[in-house]
Amino acid sequence: MIITRHRYTVKPEYVARNRQNLGEFIAALTAASVPGLSYRVFLEEDGQTFLHLVTSQDDPSAVITGLPSFKKFQSELLASEPLQKPDQVGMSLVAASGESHGQAPGRSPASAF
């Protein structure tokens, strides 16, 4: 299983636009129906920091970066001059409760950001 976390902080005036772009991207990703892929986006308590949590059986980078809506999201995010630029951290699952895709050694895909 591949697990990655992306995190960045945007300017207050860009939050609504980022949410809109993310909505379009997630809708397109959902329509692509990639087996074994879970892509979740969270907004932290500060109301400006976004955290993306991606889990997949295979490296999803090619599918994600191939979507026009992702390209739009990515280019507009970077053009907005985020307060904290996107970073990526690969993770390995240690323990889980509830739904889980099973355990396997963690691998990090190439950065989609």
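Since we're looking at a predicted model, the values are computed, not measured.
Taking OG of Ser38 as the start and CD1 of Ile3 as the end, the distance is 10.0 Å to the nearest 0.5 Å. Atoms CG and OG1, on Leu53 and Thr55 in that order, are 6.5 Å from each other to the nearest 0.5 Å. In this structure, NZ in Lys71 is found 15.0 Å from CG in Asn21, a value given to the nearest 0.5 Å. Once rounded to the nearest 0.5 Å, the distance linking CE of Met1 with CG of Leu93 reads 5.5 Å. The distance from the CZ atom of Phe70 to the CG atom of Leu22 is 9.5 Å, given to the nearest 0.5 Å.
Side-chain contact annotation: Asp58 with Ser56, donor-acceptor N/O pair under 3.5 Å absent.
Residue Leu77 comes nearest to Pro86 through the heavy atom pair CD2-CG, 3.8 Å, listed as atom of the first residue, atom of the second, then distance. Taking every heavy atom of both residues into account, Pro60 and Leu37 meet most closely at CB-CD1, 3.8 Å.
Between Leu83 and Tyr8 there is no side-chain heavy-atom pair separated by less than 4.5 Å. Between Gln88 and Arg5, every side-chain heavy-atom pair lies at or beyond the 4.5 Å cut-off. A heavy-atom distance below 4.5 Å is not found between the side chains of Ile2 and Val54. Between Leu67 and Phe25, some side-chain heavy-atom pair lies under the 4.5 Å cut-off. A 4.5 Å side-chain heavy-atom check between His52 and Phe42 finds every atom pair outside the cut-off.
Ser69 meets the side-chain hydrogen bond (donor to acceptor under 3.5 Å, both in side chains) test with no other residue; sequence neighbours excluded. Here Lys85 pairs with nothing under the side-chain hydrogen bond (donor to acceptor under 3.5 Å, both in side chains) rule; sequence neighbours left out. Remark: Gln20 pairs with Arg17, Glu24 by the side-chain contact (heavy atoms from CB on, under 4.5 Å) rule, at least two apart or across chains. Take Glu81 and apply the salt bridge (charged side-chain N to carboxylate O under 4.0 Å, His left out) test, not counting sequence neighbours, and it matches Lys11. Residues passing the side-chain hydrogen bond (donor to acceptor under 3.5 Å, both in side chains) test with Gln84, sequence neighbours excluded: Thr9. With sequence neighbours excluded, the residues forming a side-chain contact (heavy atoms from CB on, under 4.5 Å) with Arg19 are Val15, Leu43, Phe50, listed by chain and number.
Among residues at least two apart or in separate chains, salt bridge (charged side-chain N to carboxylate O under 4.0 Å, His left out) pairs with a member in residues 30-49 are Arg7-Glu44.
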